[in-house]
Amino acid sequence: MNKIAVSLRGVLTLNFIVAVALPILVISVITITLLSRSMGEQVIKYNTQMASDLVTGTQDFLVTADAVIRQAAVTVDTGGFDNRQIQHYLDTLITSHTYLDAVHIVDNDGHSTFASPHHPSYSTLDLSRQPFFQITKQTGQVHWSTTFISQHTGQPTLTITRPTKNGMIVGYINLSKLNELTAKGDINQHSWAAILDTEGTFIGHSDRGQVYQRNHIGDWDFIKTALAGQSGTVSVKQGQDDYLITVDVVKPTGWPVLVAQRADVAFAPVRNTRNIFIVGSVLALGLAVFIAMRNLKKIFVPLGALTRKTQQVAAGNYNLPLECYEYTEINTISEHFRTMAEAVRLREDELRRKQGQLAKYMRTLERSNQELDQFAYVVSHDLKAPLRAIANLSQWIEEDLGGNLEVETQHKMELLRGRVRRLENLIEGILEYSRIGRIKAATEPVNVSELIAEVIEDLAPPDRFRMLVGPGMPVIHTERIRLKQVFANLIGNAMKHHNRPDGQVLITVNDLGGLLEFSVVDNGPGIAADYHHKVFEMFQTLQPRDTLESTGVGLALVKKIVESQGGSIRIISSEGQGANFIFTWPKVLKEE
């Protein structure tokens, strides 16, 4: 009783762990992991979006400046303006666009022909040695210079140089607007945004002091990666704090854009949510354990009573009192148990009665089998004796008449003796068919290769008839005589029904695990598909018995032997294409 209760308690506890505790634990872990990952991805996505917005704002600023310079180049190339009009146009550009510090129209020799704001010294200004002049003249394309600090404004500046028909136009772009753009990325005191030039120096920062101090971070690994044109998010230690920094790149200048946020601040909501969920999961698991243990305790008491009743039924006591328990379901089980005990008693009485009948039937069956064996012996002896006498008499008559016997009469005598042999074979086949499955032969180790060799030797095929045995023939534990009968009938049929004296039979084997699949293939006349189901029936032959001496029992006997061993047999054949008989046979035949 205690052993049963402990085992059941263990099973129920295990079921609780598998059905309740484990799912809660797995769901909690998965949810916490996915939630942490999702919220972490949201933080990174938010920073990435801010970096993208900062890149977009910077690119829009540069595109606008480039459009102004392009329009100025188109205006200059159009011509039809005097010097005063050109100067007025340039002054208007400077006035209308505050980010333009200066605009110069430069001839092909590098001399500034017009400039705004105008200064007398510009008339002799030679820009031919400036990198922007040389690169633009060499490539004939728009050139964005590297950033520098303007001597006039003290702000980070760059030049846009665009070729014209007679030279080029140069615009000096004040980058102080970049500080306004980066200020939008300053979420709180624990974050900052910045734009760097291609050398890794700040040209825009939410803290403008970083720009004016010309702080340089170009030697940081992730900045080198950004300068190589790659974007992404990395974790970087700055001072005592870890920062989550998202990098993007401005086109066409190749400037890295940074959005940085202190990691502990960025992921604080993730940690808080995870801690809350962990506490909730632990409380839910504890509550589930408490409820489960309380309910299990209420089950074990009536279970003990039912166990005792089971022991009483096993001892033969079927008169059990009906008890009431706390749960309705257990009361129902108790009622059904009492009903079951009564049904067991009735069935036990019925079983004893039927056991007596079965013993009587077994004795009757045993007597019937003995009588059947005796009948088979009598039939075999009493039928074969007259048949042998008929055969002998026909032979004696033929010998007595000697030379007076006509050829046709001799032929009829041969037919008579052939019919006698056929009848003897038919009697033997029927008797053998009746024994299959009823009389078991002893099992023994059988070398199949040697067994097939014996069958071929007994059948004595013509010299030109080829018998091929495939490799891998096994040694199995089976009824030797039955397996030999199967091979003898299949190989003998292939020889008997072959339409050429130089035919061929191939025997192969395939291992199917617990079964062996044997195949007996010939290249004879084949069997039409309409007759496949008939060849395994008793007394069925595909040729007239007068044409070919056959009892029609052989394949029926094969089928019954194979199926009695737990195997199966089938045929693959078509007319004129030979026949393939395939049967399965157990590797080890269990003796009953």
Side-chain angles (χ1 to χ4, degrees), residues 411 414-415 417-430 432-433 436 448-449 451-471 473 482-510 516-563 567-585:
H411 176 66
E414 286 296 329
L415 289 178
R417 287 192 291 273
R419 297 301 186 274
V420 170
R421 287 193 297 271
R422 183 196 301 171
L423 187 56
E424 287 179 338
N425 293 335
L426 181 60
I427 293 170
E428 190 63 35
I430 293 173
E432 186 62 30
Y433 188 86
I436 301 300
V448 179
S449 179
L451 179 72
I452 295 175
E454 290 179 14
V455 171
I456 295 174
E457 184 179 356
D458 293 343
L459 293 174
D463 293 339
R464 296 172 59 190
F465 206 97
R466 298 179 62 195
M467 292 290 179
L468 305 177
V469 180
M473 290 296 169
R482 297 306 182 200
L483 185 58
K484 187 174 182 179
Q485 284 178 299
V486 171
F487 278 118
N489 276 281
L490 293 180
I491 297 173
N493 271 2
M495 293 171 52
K496 183 188 303 181
H497 295 282
H498 210 289
N499 54 353
R500 306 198 307 267
D502 59 345
Q504 175 179 293
V505 176
L506 172 64
I507 303 101
T508 59
V509 65
N510 183 28
L516 295 170
E517 184 180 72
F518 293 98
S519 175
V520 180
V521 187
D522 66 66
N523 59 350
I527 302 173
D530 293 342
Y531 298 100
H532 286 186
H533 67 286
K534 293 184 177 180
V535 296
F536 295 110
E537 296 178 2
M538 287 284 286
F539 311 125
Q540 292 292 327
T541 59
L542 300 182
Q543 299 181 29
R545 287 188 173 88
D546 292 339
T547 303
L548 183 66
E549 200 67 43
S550 175
T551 62
V553 178
L555 289 180
L557 185 66
V558 167
K559 184 174 188 296
K560 189 171 183 182
I561 292 174
V562 169
E563 291 180 349
S568 62
I569 187 169
R570 69 184 191 277
I571 181 174
I572 300 175
S573 179
S574 57
E575 195 167 1
Q577 300 298 320
N580 182 8
F581 286 88
I582 302 171
F583 69 94
T584 58
W585 195 272

Show the atom names and distances, to 0.1 Å, of all donor-acceptor pairs under 3.5 Å that link a side chain in residues 567-579 to residues at least two apart or in another chain.
unit_1	atom_1	unit_2	atom_2	d
Ser573	OG	Ile527	N	2.8
Ser573	OG	Ile527	O	3.4
Ser573	OG	Gly578	O	2.6

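Lys560 contributes atom NZ, which lies 9.5 Å from atom CZ of Arg482 (distance to the nearest 0.5 angstrom). Taking CG of Asn489 as the start and CG of Leu557 as the end, the distance is 5.5 Å to the nearest 0.5 Å. Annotation: the span from Ile456 atom CD1 to Met495 atom CE amounts to 9.0 Å, rounded to 0.5 Å.
Proximity of Val448 to Trp585: side-chain heavy atoms (C-beta onward) are nowhere separated by under 4.5 Å. A 4.5 Å side-chain heavy-atom check between Lys484 and Asp458 finds at least one atom pair inside the cut-off.
For Ile507, the side-chain contact (heavy atoms from CB on, under 4.5 Å) criterion is met by Ile452, Val469, Met473, Phe487, Ile491, Val505, Val520, not counting sequence neighbours. For Ser449, the side-chain hydrogen bond (donor to acceptor under 3.5 Å, both in side chains) test picks out no residue, with sequence neighbours left out. Under the ring pair (Phe, Tyr, Trp, His ring centres under 6.0 Å) criterion, Phe465 pairs with His498, not counting sequence neighbours. With sequence neighbours left out, Phe581 forms a ring pair (Phe, Tyr, Trp, His ring centres under 6.0 Å) with no residue at all. The salt bridge (charged side-chain N to carboxylate O under 4.0 Å, His left out) search around Asp502 returns Arg464, Arg500, not counting sequence neighbours.
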request  = Please assess Phe583 against Leu490 for the test side chain to side chain contact (heavy atoms under 4.5 Å, CB included), listing each intermediate value before the final yes or no.
outcome  = CA-CA 10 Å; Phe583 69 94; Leu490 293 180; 3.8 Å; yes
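A pairwise comparison of heavy atoms in Ser519 and Asn580 identifies OG-OD1, 2.6 Å as the closest pair. For the residue pair Gly492 and Leu459, the shortest heavy atom distance occurs at N-CD1, 3.7 Å.
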